[in-house]
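The block underneath contains the structure these notes are about, expressed in C-alpha cells.
Naming: A, B, ... by sequence-line order, numbering from 1 per chain.
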2 protein chains.
Amino acid sequence: MVKRVRGSRTGRPIMVLLDLLGRRWTLRIVWELREEAKRFRELQDLIGASPTIINTRLAELREAKLVQLDEEAGYRLTTLGEELLRLLLPLHVWSEKWAKFI
Amino acid sequence: MVKRVRGSRTGRPIMVLLDLLGRRWTLRIVWELREEAKRFRELQDLIGASPTIINTRLAELREAKLVQLDEEAGYRLTTLGEELLRLLLPLHVWSEKWAKFI
DNA sequence: TCCGTTACTACAATTTTTGTAGCAAGAATG
DNA sequence: CATTCTTGCTACAAAAATTGTAGTAACGGA
C-alpha cells in the first residue's frame with residue numbers, strides 16, 4: 001500500500017516519489033550515500049544542513065525503504081535505494097554538460 | 001559559468017543540479033511539462049501549489065535554461081530540459097515497482 | 001465598454017528549516 | 001571506576017520558505 005505523502009494527493013507512485021525526492025536535502029542525502037555508508041555526523045558535515053532536518057529526511061528515506069541504518073557502518077542505501085541511485089547517476093555526467101550553458 | 005545556488009557551496013554542477021531539483025515542486029513542474037506546453041494556470045491547477053511558489057520555480061527553471069515561456073503555447077521544456085526529462089523518465093516505471101514495497 | 005484570458009504580484013498567516021546547544025547510551029581510555 | 005569519545009538524535013527559538021487569497025496589468029474579442 002502506497003503511503004500518502006505531503007503534496008501527493010493522488011497516491012500515484014511517481015507523484016509520491018517526486019514529492020519525496022523534491023524535499024530539501026533528500027536527493028543530496030541519497031547522493032552522498034552513493035558509494036559507502038556514512039555516519040550521521042559525516043552526512044551533517046558533508047551536507048551542511050541542520051541535524052534536525054537531516055534526521056527528518058533520513059527517517060523519511062528509511063520509511064520509504066531507500067535507506068537503512070547499519071549499526072556497524074552507518075547509514076547506507078538499501079537494495080531499492082541502490083536501484084534508485086542507478087537511475088540518478090546519469091545526472092552526474094549530464095550536469096557537466098548542462099553547466100556549460102548556465 | 002555556473003550559478004551559485006542556495007545550499008550549493010561548492011558550485012559543482014551535480015550539486016547545483018541536486019539543489020535545484022530538490023526544491024519543492026521543481027521536479028513536479030518538470031514532470032508536468034513532459035508532454036506538452038502548459039499555461040501558468042494549468043500548472044497551478046495540476047500541481048496545487050500557490051502561484052507565488054510556482055512562479056518562483058518557473059523563474060529558476062527558466063534561468064537554468066530548462067524551461068521557456070512560449071507565448072503561443074505556454075511553458076515548455078527547452079532542449080536541455082527535454083534531455084533532463086529523458087533521464088528522469090525511468091523513475092516512472094521504477095516507482096511502480098518501488099510502490100509494492102512501501 | 002465589458003468580459004475573459006494571460007502572467008504574474010502583494011502580503012499576512014502558516015509551515016519548514018536553521019543553528020546552537022545538549023541528551024543519553026555504549027565503547028574506549030585513563 | 002571515573003572520564004572522555006563517538007554514536008544517533010532532540011529541544012527550541014529565530015529565520016526563511018510556502019501558502020492562500022486577493023488583486024493587478026496587459027491584451028483580445030464581443
Looking at the side chain of [X], which of [options] is the nearest nucleotide?
X       : options               : value
B/Arg57 : C/dT18, D/dG8, D/dT18 : D/dT18
A/Ser50 : D/dT19, C/dT18, C/dA7 : C/dT18
A/Ile53 : D/dT18, C/dA7, C/dT17 : C/dT17
B/Arg39 : C/dT6, C/dT17, D/dT19 : C/dT6

Can you check whether B/Trp25 has a side-chain N or O nearer than 4.0 Å to OP1 or OP2 of D/dA17?
no

When you measure from the side-chain N and O atoms of A/Asn55 to the phosphate of D/dG8, is any distance below 4.0 Å, counting only OP1 and OP2?
no

Please collect all side-chain hydrogen bond (donor to acceptor under 3.5 Å, both in side chains) contacts where either partner lies in residues 84-94 of chain A, sequence neighbours excluded, each pair once.
A/Trp94-B/Glu83

Whether A/Glu63 and A/Lys65 form a salt bridge (side-chain N of Lys/Arg under 4.0 Å from carboxylate O of Asp/Glu) is what I want to check.
no

Rounded to the nearest angstrom, tell me the gap between atom [atom1] in [X] and atom [atom2] in [N].
X       : N      : atom1 : atom2 : result
B/Leu43 : C/dT5  : CG    : C1'   : 16 Å
B/Leu69 : C/dT5  : CG    : P     : 18 Å
A/Arg23 : C/dT15 : CZ    : P     : 16 Å
B/Arg24 : C/dT15 : CZ    : P     : 12 Å
B/Gln44 : D/dG23 : CD    : P     : 16 Å
A/Ile54 : C/dT18 : CD1   : P     : 9 Å
A/Glu72 : D/dT6  : CD    : P     : 18 Å
B/Asp45 : C/dA7  : CG    : P     : 11 Å

Set of side chain to side chain donor-acceptor pair (under 3.5 Å) partners for A/Arg41, sequence neighbours left out
none

Please name all residues satisfying side chain to side chain donor-acceptor pair (under 3.5 Å) with B/Glu32, sequence neighbours left out, ordered by chain then number.
B/Arg28

Got a sec, which residues hit salt bridge (Lys or Arg N to Asp or Glu O under 4.0 Å) with B/Asp45, two or more places apart in sequence or on another chain?
none

At a cut-off of 3.5 Å, list every protein nitrogen or oxygen paired with a nitrogen or oxygen from nucleotides 11-14 of chain D, distance to 0.1 Å.
{"residue": "D/dA11", "atom": "N6", "partner": "A/Thr52", "partner atom": "OG1", "Å": "3.3"}

Applying side chain to side chain contact (heavy atoms under 4.5 Å, CB included), can you list everything that pairs with [X], at least two apart in sequence or on another chain?
X       : value
A/Thr52 : A/Ser50
B/Arg62 : B/Val67, B/Leu69, B/Tyr75
B/Pro90 : A/Leu87

Spell out, as yes or no, whether a donor-acceptor pair under 3.5 Å connects the side chain of A/Trp25 to the backbone of B/Gly22.
no

Nucleotide N/O to protein N/O under 3.5 Å, stretch nucleotides 23-25 of chain C:
none

